[in-house]
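Taking it in order: structure first as structure tokens, then the write-up.
Ligands are counted one by one from 1 in listed order, and the atoms in each one are counted from 1 as well. Excluded from the calculations below are hydrogen atoms, water molecules and symmetry mates; all remaining heavy atoms, backbone and side chain alike, are included.
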Amino acid sequence: MILTEIKANPEFEAQLAKMGGADVKMCFQCGTCTADCPSGRRTSYRVRKLMRMAQLGLKDEIVDCEELWECTTCYTCVERCPRQVPIVDIVIALRNIAVAEGHMLANHKPTATNLYTIGHAVTVTDKVKEQRKAIGLPEIPPTVLMNSNAMADLTKILKATGFDKIVE
Ligand code: SF4
Ligand code: SF4
């Protein structure tokens, strides 16, 4: 993309600011974050580039890029950024915007569906029950799985936040 083709995107800027990413403006593109990012050593993810894309308002490109999900939230970049940009907060804000608008990776969908349907991201299989029993734990953990009122509350929260529409 030629930089002169990029138009300001004040709506996205406001949306990102509302979600906690206003300080992306502080980034002066030194590249320290990318140089230190352990994920970037193994993937095509470049955190400096993501910050620049956010500054430029490239929302469509950001919500559709797989690299958005390659940050492990290890916080190495946050510790080393000379401008104290809250990089992880910005990555999470960008992810929240992407998911709220229906951009969820296929691999994430089953996990999100589990959370909505049973209240757990990971299912408690028969094997897990056996393992729990073997170390002296109840087969079913004392979570929403044991408490229908808590599960009902969780369902209400997920519906109120629109999570049900994302997994449907
Ligand atoms: S280290 Fe901070 S200032 Fe430097 S490119 Fe990364 S986010 Fe921007
Ligand atoms: S928090 Fe994410 S972007 Fe920052 S260094 Fe770790 S993996 Fe890279």
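Each of the atoms 1 (S) of ligand 1 lies under 4.0 Å from some heavy atom of P82. Under a 4.0 Å criterion applied to the non-hydrogen atoms of R48, ligand 1 contributes the atoms 5 (S). Less than 4.0 angstrom separates some heavy atom of Q29 from each of these atoms of ligand 1: 5 (S), 8 (Fe). For ligand 2, the atoms lying closer than 4.0 Å to a non-hydrogen atom of Y75 are 1 (S), 6 (Fe). Of all the atoms in ligand 2, the ones that sit under 4.0 Å from a non-hydrogen atom of V88 are 1 (S).
Side-chain contact check for S44 and E67: at least one donor-acceptor pair (N or O, by modelled atom type) lies under 3.5 Å. E101 and Q15 share a donor-acceptor pair across their side chains, judged by distance under 3.5 Å alone. A side-chain N or O of R48 and one of Q29 form a donor-acceptor pair less than 3.5 Å apart. For the 3.5 Å distance criterion, the side chains of N114 and H120 fail to qualify, holding no donor opposite an acceptor.
Contacts between T73 and ligand 2, counted as non-hydrogen atom pairs separated by less than 4.0 Å, involve the backbone only.
Under a 4.0 Å N-O distance rule, the pair D164/K159 does not qualify as a salt bridge. Salt-bridge formation is detected for the pair E13/K25: a Lys NZ or Arg NE/NH1/NH2 atom is positioned less than 4.0 Å from an Asp or Glu carboxylate oxygen.
Atom-to-atom distance recorded for I87:CD1 and T73:OG1 is 12.5 Å, nearest 0.5 angstrom.
Here C27 fails the criterion, with no N, O or S atom under 2.8 Å of atom 4 (Fe) of ligand 1.
Protein heavy atom in closest approach to atom 4 (Fe) of ligand 1: C30 SG, 2.3 Å. Protein heavy atom in closest approach to atom 2 (Fe) of ligand 1: C81 SG, 2.3 Å.
Counting non-hydrogen atoms of neighbouring residues, nucleotides and ligands closer than 6.0 angstrom, the NZ atom of K109 exceeds 12 such neighbours.
No continuous path of ILVMFWY side-chain contacts below 4.5 Å connects I118 to M146, so the two sit in separate hydrophobic clusters.
Around atom 8 (Fe) of ligand 2, the protein N, O or S atoms closer than 2.8 Å are C37 SG, listed by chain and residue number.
Aromatic ring orientation, H108 versus W69: perpendicular (interplanar angle above 60°, classes split at 30° and 60°).
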